[in-house]
Novice: 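Sharing a structure with you now.
One-based numbering along the sequence shown. Side chains included, hydrogens not; waters and symmetry mates left out as well; all remaining heavy atoms used.
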Amino acid sequence: MSARLNIATVDSAAYKAMMGLEGYLQTISLNHIQKELIKIRASQINKCAFCLDMHTKDALKYGETTQRIFILEGWREAKDFFTEEEQVLLAMTEEITLISQNGLSEETFQKAKQYFDDAQIAQIIMAIVTINAWNRIAVSTHLPVAK
């Protein structure tokens with residue numbers, strides 16, 4: 001599959017806006033591992049090879065284990081490997097990524113409120129929305145995975 005176009009060069013204003021979101025996400029209260037778990041899980045759901053490659057490598061750089069990355073897609077069957085906070089992040093990621101199915105459930109939202117304040121929940125939602133946008137850009141433009 002060959003790349004279709006490069007958004008960064010074809011529409012630099014849009015790309016700059018996306019990078020603004022990325023800059024904002026560098027300031028939020030989630031740690032690097034939490035952010036990468038969100039990015040990897042959304043990218044798994046969206047089948048974005050480019051983002052999976054990037055964010056699994058980033059997660060490893062931040063100290064994530066290969067085992068947790070390998071079992072991330074089945075986290076519900078391997079809950080002992082993920083903290084309760086991480087489980088809430090993963091549930092939110094799945095529900096927001098698959099928004100047309102049921103949306104962010106009240107149950108998941110209430111669990112999030114047990115671990116995060118409203119500002120943090122807003123940050124988590126923005127992190128999920130942003131990786132979903134990147135996934136859609138990469139998949140629709142056939143962004144190639146570097147060899």
Side-chain angles (χ1 to χ4, degrees), residues 1-79 81-83 85-109 111-112 116 118-147:
M1 202 175 335
S2 61
R4 291 177 169 162
L5 58 92
N6 183 330
I7 297 273
T9 57
V10 174
D11 191 349
S12 61
Y15 190 79
K16 184 178 178 182
M18 285 297 299
M19 291 308 292
L21 277 172
E22 279 302 315
Y24 159 74
L25 293 175
Q26 297 306 310
T27 70
I28 68 174
S29 61
L30 295 179
N31 66 45
H32 291 297
I33 296 293
Q34 291 170 323
K35 291 177 198 176
E36 295 306 323
L37 289 175
I38 289 169
K39 292 174 182 180
I40 295 167
R41 186 66 194 111
S43 299
Q44 288 173 331
I45 293 167
N46 291 321
K47 298 175 176 43
C48 181
F50 180 87
C51 295
L52 283 166
D53 181 64
M54 175 190 297
H55 296 298
T56 54
K57 289 175 181 173
D58 288 347
L60 290 169
K61 280 190 266 184
Y62 293 129
E64 184 56 88
T65 67
T66 54
Q67 184 178 28
R68 282 181 16 126
I69 291 171
F70 294 156
I71 63 174
L72 183 57
E73 191 167 7
W75 68 270
R76 291 179 192 272
E77 286 74 41
K79 287 184 177 181
F81 289 87
F82 300 94
T83 68
E85 277 185 2
E86 290 170 337
Q87 291 175 43
V88 169
L89 291 174
L90 294 169
M92 288 180 72
T93 300
E94 290 176 357
E95 291 177 15
I96 293 170
T97 299
L98 300 167
I99 197 82
S100 67
Q101 290 184 0
N102 297 307
L104 178 59
S105 70
E106 188 63 28
E107 178 184 354
T108 300
F109 182 75
K111 283 183 185 175
F116 306 103
D118 286 347
Q120 291 170 312
I121 292 171
Q123 294 169 356
I124 293 163
I125 291 170
M126 290 308 299
I128 296 165
V129 167
T130 302
I131 187 57
N132 273 279
W134 284 122
N135 288 165
R136 282 151 177 75
I137 290 167
V139 171
S140 63
T141 63
H142 293 177
L143 200 57
V145 177
K147 290 188 177 185

Novice: Would the distance check show the side chain of Glu73 and the main-chain N or O of Gln44 forming a donor-acceptor pair, the cut-off being under 3.5 Å?
Specialist: no

Novice: Can you tell me if CZ on Phe70 sees more than 12 non-hydrogen neighbours from other groups inside 6.0 Å?
Specialist: no

Novice: Quick one, Gln123 and Phe116 - any side-chain contact, counting heavy atoms below 4.5 Å?
Specialist: no

Novice: Can you check whether Ile7's main-chain N or O pairs, donor with acceptor, with Asp11's side chain at less than 3.5 Å?
Specialist: no

Novice: Measuring from atom OG1 of Thr130 to atom CD of Glu22, what distance do you get when rounded to the nearest 0.5 angstrom?
Specialist: 6.5 Å

Novice: Applying the side-chain contact (heavy atoms from CB on, under 4.5 Å) test to Ile38, which of Ile128, Ile33, Ile96 qualifies?
Specialist: Ile128

Novice: For residues Phe109 and Ile121, report the shortest heavy-atom separation together with the two atoms involved.
Specialist: CE1-CG2, 3.9 Å

Novice: Between Ser12 and Ala8, is there a donor-acceptor pair closer than 3.5 Å when you use the side chain of the first and the backbone of the second?
Specialist: no

Novice: List the atom of Ile71, the atom of Ala78, and the distance in Å for their closest heavy-atom pair.
Specialist: CD1-CB, 3.7 Å

Novice: State, with a plain yes or no, whether a side-chain heavy atom of Cys51 is found less than 4.5 Å away from one of Lys39.
Specialist: no

Novice: Do you know which two heavy atoms are closest between Glu36 and Ala59, and how far apart they sit?
Specialist: CB-CB, 3.9 Å

Novice: Can you tell if the side chain of Thr56 reaches within under 4.5 Å of the side chain of Ile40, non-hydrogen atoms only?
Specialist: yes

Novice: Can you tell if the side chain of Asn46 reaches within under 4.5 Å of the side chain of Ser43, non-hydrogen atoms only?
Specialist: no

Novice: So, taking the atom named NZ in Lys111 and the one named CD in Glu107, what distance separates them when rounded to the nearest 0.5 Å?
Specialist: 4.5 Å

Novice: Can you find a pair of side-chain heavy atoms, one from Leu72 and one from Phe81, that are under 4.5 Å apart?
Specialist: no

Novice: Would you please test Trp134 and Tyr15 for ring-ring contact (aromatic ring centres under 6.0 Å, His included) and show each step?
Specialist: CA-CA 10 Å; Trp134 284 122; Tyr15 190 79; 5.7 Å; yes

Novice: How far does CD1 of Ile137 sit from CG of Leu5, to the nearest 0.5 angstrom?
Specialist: 10.5 Å

Novice: Kindly give the heavy-atom pair with the smallest separation between Lys35 and Ile28, and that separation in Å.
Specialist: CE-CG1, 3.7 Å

Novice: Using every non-hydrogen atom in the two residues, find where Val88 and Ala112 come nearest and quote the distance to one decimal.
Specialist: CG1-CA, 3.5 Å

Novice: Would you call Glu95 and Asn102 a side-chain contact if the rule is heavy atoms closer than 4.5 Å?
Specialist: no

Novice: Between Ile99 and Leu104, what is the shortest heavy-atom contact and its length?
Specialist: CD1-N, 4.2 Å

Novice: So, do Lys47 and Val139 sit near enough that their side-chain heavy atoms are less than 4.5 Å apart?
Specialist: no

Novice: I'd like to know if the side chain of Arg41 and the backbone of Glu94 have a donor-acceptor N/O pair within less than 3.5 Å.
Specialist: no

Novice: What distance do Thr66 atom OG1 and Ile69 atom CD1 have between them, rounded to the nearest 0.5 Å?
Specialist: 7.0 Å

Novice: What distance separates Leu30 CG from Glu86 CD, expressed to the nearest 0.5 Å?
Specialist: 10.5 Å

Novice: How far does CD of Glu85 sit from CG of Asn31, to the nearest 0.5 angstrom?
Specialist: 8.5 Å

Novice: Could you list the residues that satisfy side-chain hydrogen bond (donor to acceptor under 3.5 Å, both in side chains) with Asp53, not counting sequence neighbours?
Specialist: Lys57

Novice: Might you confirm whether atom CG of Asp118 has over 12 heavy atoms from other residues, nucleotides or ligands at distances under 6.0 Å?
Specialist: no

Novice: Any side-chain heavy atom of Ile124 sitting closer than 4.5 Å to one from Gln34?
Specialist: no

